[in-house]
Amino acid sequence: MAAVSLRERLALYLDLIRWDRPAGWLVLYWPTMGALWLAAGGWPGWHLFIVFTLGTVLMRSAGCCINDVADRNFDRHVKRTAQRPITSGKISVKEALAVGAVLALVAFGLALTTNAAVIAWSVPALLVTILYPFTKRWFAMPQAVLGIAFGFGIPMAYAAVQGRVPLEALWLFTAKIALVLAYDTEYAMVDRDDDLKIGIKTSAITLGRFDVAAIMVFYAIYLSIWLWIAARHAPSAILYIAFALAAAQALWHYTLIRGRTREGCFVAFKQNHWLSATVFAGIALSFALRG
């Protein structure tokens, strides 16, 4: 019985951190890898590759724990989230916080294997991750705060490679915020009716009828800044082709979200990681072909 109980508990923990929905951490992973490649001028080495791969998964998982604890009283009113482990009572708040704390500590342990600059940046990264869920109660564009939380991997990647965070890293960071505003507004459009009823603030509500246009502008900002910086490091035909393919994906998203249907907006959100994966592929291949 104990073994069965342990397996059931593990299944709940995996559900808590969205283990079966990798799109949630992939949207963090590809821009972080892109920044790592740009900072290193190509392959960054196995140590940093492993640190930032595991760190991305761990911190996203810890963020899920924090988010679900903060939103547990709201989630029960939204059909899509009503059966989450905390909201349904299958996992207690203390247990979820303990899981999140362990995951964050392991991620911090990975940061300790790098340098002082990365460790310093990891502190505000954690604080913003904790703050984000609560901004939905009072800030009109909480997706911008999520963008900051999700973007910290970029300056940390530069810090890990170069021991400092140059201006171009901050440009990439800003562009990552725009990317998060794009895809998380698509996500917020799925729950807009429920969020209006329960009083949560989201970018989809704040932007109103300009939501679709704003999303396309956010995509344009992300792609423009990343292309500008990537082309300075590794200009090539493959880089430009990759960015053209990413832009085509953004246009495809427009066809999905322009009707503002729940189904279309949810598909657009779930497929978002392919856009930033295409950008990363262009960057990585450009360096590989050059070297």
Side-chain angles (χ1 to χ4, degrees), residues 9-37 39-40 43-71 84-86 91 95-114 118-119 121-133 145-161 172-173 176-177 179-180 183-184 187 269-281 283-284:
R9 215 79 203 143
L10 178 60
L12 285 172
Y13 292 157
L14 291 176
D15 188 23
L16 174 67
I17 65 174
R18 324 276 204 274
W19 184 255
D20 61 336
R21 285 154 280 177
W25 64 264
L26 287 171
V27 291
L28 281 78
Y29 183 67
W30 296 124
T32 301
M33 288 295 107
L36 196 58
W37 254 251
W43 169 247
W46 282 109
H47 173 229
L48 292 181
F49 176 76
I50 292 171
V51 164
F52 279 89
T53 296
L54 294 179
T56 298
V57 176
L58 288 166
M59 282 308 298
R60 188 264 178 170
S61 299
C64 288
C65 298
I66 297 167
N67 182 80
D68 286 6
V69 167
D71 286 354
R84 284 179 174 174
I86 301 173
I91 292 179
E95 193 174 7
L97 290 176
V99 171
V102 169
L103 294 170
L105 282 172
V106 175
F108 184 67
L110 291 171
L112 292 176
T113 70
T114 56
V118 175
I119 295 168
W121 276 89
S122 70
V123 175
L126 176 61
L127 293 177
V128 176
T129 298
I130 295 171
L131 173 67
Y132 158 67
V145 181
L146 181 65
I148 296 171
F150 277 12
F152 268 106
I154 292 171
M156 290 174 72
Y158 272 83
V161 174
L172 293 172
F173 190 2
K176 177 61 191 296
I177 296 172
L179 176 63
V180 176
Y183 67 67
D184 211 60
Y187 194 34
F269 168 75
K270 288 195 300 181
Q271 299 303 316
N272 238 290
H273 61 95
W274 290 109
L275 192 152
S276 50
T278 304
V279 168
F280 167 71
I283 292 170

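If you're wondering where the values come from, they're calculated on a predicted model, not measured in any experiment.
The shortest heavy-atom contact between A96 and C65 is O-CB, 3.6 Å. Heavy atoms only, all atoms of each residue included: Y132 and D184 are closest at OH-OD2, 4.1 Å. What you find for M59 and A104 is that their closest heavy atoms are SD-CA, 4.1 Å. Residues A62 and L103 share a closest heavy-atom pair of N-CD1, 3.8 Å. The minimum heavy-atom distance linking L28 with P31 is given by the pair O-CD, 3.5 Å. Between T32 and G153 the shortest heavy-atom distance is CG2-O, 3.8 Å.
Test F150, W37, F280 against W30 for ring pair (Phe, Tyr, Trp, His ring centres under 6.0 Å) and you get one pass: F280. Of the candidates I91, I17, V99, I91 is the only one forming a side chain to side chain contact (heavy atoms under 4.5 Å, CB included) with P85.
No side-chain heavy atom of I86 sits under 4.5 Å from any side-chain heavy atom of E95. No side-chain heavy atom of K176 sits less than 4.5 Å from a side-chain heavy atom of V27. The closest side-chain heavy-atom distance from I119 to F108 is below 4.5 Å. Considering only heavy atoms from C-beta on, V51 stays 4.5 Å or farther from V118 through its side chain. Put simply, the side chain of D20 does not reach to within 4.5 Å of the side chain of L14, judged on heavy atoms. Considering only heavy atoms from C-beta on, V57 comes within 4.5 Å of S61 through its side chain. Between F173 and I148, the closest side-chain pair of non-hydrogen atoms falls below 4.5 Å.
Between atom CD1 of residue I66 and atom CG of residue L126 there is a gap of 6.0 Å, rounded to the nearest 0.5 Å. Considering CG of L112 and OG1 of T114, their distance stands at 7.5 Å, rounded to 0.5 Å. Atom-to-atom distance recorded for T56:OG1 and L110:CG is 10.0 Å, nearest 0.5 angstrom. Atom OG1 of T53 sits about 7.5 Å away from atom CH2 of W25, to the nearest 0.5 Å. A distance of 12.0 Å separates CG in L172 from CG in L179, rounded to the nearest 0.5 Å. Taken from CG in L146 to OG1 in T129, the straight-line distance is 8.5 Å, to the nearest 0.5 Å.
In terms of modelled atom types and a separation under 3.5 Å, the side chain of R18 and the main chain of L16 share a donor-acceptor contact.
Note: F49 and W43 have tilted aromatic rings, judged against thresholds of 30 and 60 degrees for the angle between ring planes. Between Y183 and F269, the ring planes are tilted. Angles from 30° to 60° get that label.
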Check the pair R60 / Y29 against side-chain contact (heavy atoms from CB on, under 4.5 Å), numbers first and verdict last.
-> CA-CA 10 Å; R60 188 264 178 170; Y29 183 67; over 6 Å; no
